[in-house]
Structures are given as structure tokens and as C-alpha cells.
Amino acid sequence: METALRMDLAYVGAMGSRRSVEQRKASLRAAGLPDGPLARLNSPVGLDLGGADPAETAVSIAAEILLLRHGRPGLRLSETTGALHLETAPAVSSLSLQLPISETC
């Protein structure tokens, strides 16, 4: 964890209870990690989506990474206005798609 926090990584996260998070931070401080790199630790990891199983926990972690990657506020789309998606890829309708046609169809 200490090595990862000293590196120029886009995201460093760790799972754990709030108590284990505080214990981890205390151990990292005791090992000489400055507050700057320590502040980059996303822990407990993920967003509060109410997940109750490993798959839902994974979704909450992926959602947090996407939120940070794109700098979005993480609001419900039904509560926002404006474009739903960033303009980074061509629209599907503008792509030429050719599918083979089977003579048995």
C-alpha cells in the first residue's frame, strides 16, 4: 500500500471497515508516509449504493473509479439536465455496420 501511494497512480483504494481504515492510515503514518500521498487513499473503497454481496461491491468500486476518472458528480440521471454522455466516441448510428446474411434466414 505504501509503495502504491508513493507512485503516480490514478487510483489507489482499499477495502475494509472504518476501524481498519484508521488502523491502516496510522500504520502508514508510522512508516513515514506523508499526509499528501496518504490523502490519495480511497478507503473504504466504493460508493454507497447499498450493495450486499461481492458483485454489488464490485459495481460500487467500479462506479467510484468512473466517477473520479470522468470528474462527474455521481448524481442520478433523472435529477440532472443536459447531455447524458460525454462526446468522446462516435454515435452508433454514424458507424457503418455490415453483417453477413445467411441464405437460411
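- For A14, the side chain to side chain contact (heavy atoms under 4.5 Å, CB included) partners at least two apart in sequence or on another chain are M1, R24, L41, S43.
- A donor-acceptor contact shorter than 3.5 Å links the side chain of R40 to the backbone of L5.
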Kindly list each side-chain donor-acceptor pair under 3.5 angstrom involving residues 28-37, sequence neighbours excluded, with atom names and distances?
none

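- For R19, there are no salt bridge (Lys or Arg N to Asp or Glu O under 4.0 Å) partners two or more places apart in sequence or in a different chain.
- Applying the side-chain hydrogen bond (donor to acceptor under 3.5 Å, both in side chains) definition to pairs two or more places apart or across chains, those involving residues 44-67 are Y11-E64.
- Not counting sequence neighbours, the partners of V59 by the side chain to side chain contact (heavy atoms under 4.5 Å, CB included) test are L49.
- Note that the CG atom of L68 and the CG atom of L47 stand 8.0 Å from one another [nearest 0.5 Å].
- Every side chain to side chain contact (heavy atoms under 4.5 Å, CB included) that T80 has, sequence neighbours left out, goes to L75, L77.
- By the salt bridge (Lys or Arg N to Asp or Glu O under 4.0 Å) test, E2 pairs with R6, sequence neighbours left out.
- With sequence neighbours excluded, the residues that form a side chain to side chain contact (heavy atoms under 4.5 Å, CB included) with R18 are P44.
- Taking S17 as the reference, S20 meet the side chain to side chain donor-acceptor pair (under 3.5 Å) condition, with sequence neighbours excluded.
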